Amino acid sequence: MAHKKGQGSSRNGRDSNPSYLGLKVADGQTIHAGTIILKQRGTKIHPGMNVARANDDSLFATANGIVRFGRKGRDRKIVTIVTAN
């Protein structure tokens, strides 16, 4: 029994799909509930008011409104949704 494969077969011919991380909505843009705001690995940006974190750390809106990016304290970046009430 041969221990080497025949000529021409590729053993490393696989590639993973891109993850498409980053911002999906800009600051000041109106957004509907359930829309993804950004996709990230880890919590570089934390959820604020009317924003929730998904299992893959992406942030999404829980209410209709306007997206606002800001800081909490000196170093923590947050994103909030300002509702039109």
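Throughout, residue positions are numbered sequentially from 1 according to the sequence presented. Keep in mind the model is a prediction, meaning the values are calculated, not measured.
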Exercise. Can Val67 and Ile81 be said to form a side chain to side chain contact (heavy atoms under 4.5 Å, CB included), step by step?
Worked result: CA-CA 5 Å; Val67 178; Ile81 302 295; 3.8 Å; yes
For this session: Report the C-alpha separation of Asp27 and Arg68 in whole Å, then their side-chain angles, then the decisive distance to 0.1 Å, and conclude whether the salt bridge (Lys or Arg N to Asp or Glu O under 4.0 Å) test is met.
Result: CA-CA 5 Å; Asp27 189 25; Arg68 290 286 177 223; 3.7 Å; yes
For this session: Begin from the C-alpha positions of Leu59 and Ile45 and carry the test side chain to side chain contact (heavy atoms under 4.5 Å, CB included) through to its verdict.
Result: CA-CA 9 Å; Leu59 302 181; Ile45 301 177; 4.1 Å; yes
For this session: Could you please spell out the steps behind the salt bridge (Lys or Arg N to Asp or Glu O under 4.0 Å) verdict for Arg53 and Asp57?
Result: CA-CA 6 Å; Arg53 186 177 68 87; Asp57 295 320; 2.4 Å; yes
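Linking Ile, Leu, Val, Met, Phe, Trp and Tyr whenever their side-chain heavy atoms come within less than 4.5 Å puts Ile31 and Val51 in one cluster. Transitive grouping of hydrophobic side chains (ILVMFWY, heavy atoms separated by less than 4.5 Å) keeps Leu38 and Phe60 in distinct clusters.
For the residue pair Asp75 and Arg71, the shortest heavy atom distance occurs at O-NH1, 3.6 Å. The two atoms that bring Lys72 and Ile78 nearest to each other are CB-CG2, 4.1 Å, heavy atoms only. Here the closest non-hydrogen pair linking Lys39 and Asp56 is NZ-OD2, 3.6 Å. Scanning all heavy atoms of the two residues, the minimum distance from Arg76 to His46 falls at CG-CD2, 3.4 Å.
Distance alone, capped at 3.5 Å, is enough to place a donor-acceptor pair between the Asn64 side chain and the Ala33 backbone. Side-chain atoms of Ser58 never come within 3.5 Å of backbone atoms of Gln40 as a donor-acceptor pair (strictly under, hydrogens ignored).
Once rounded to the nearest 0.5 Å, the distance linking CE of Met49 with OG1 of Thr80 reads 8.0 Å.
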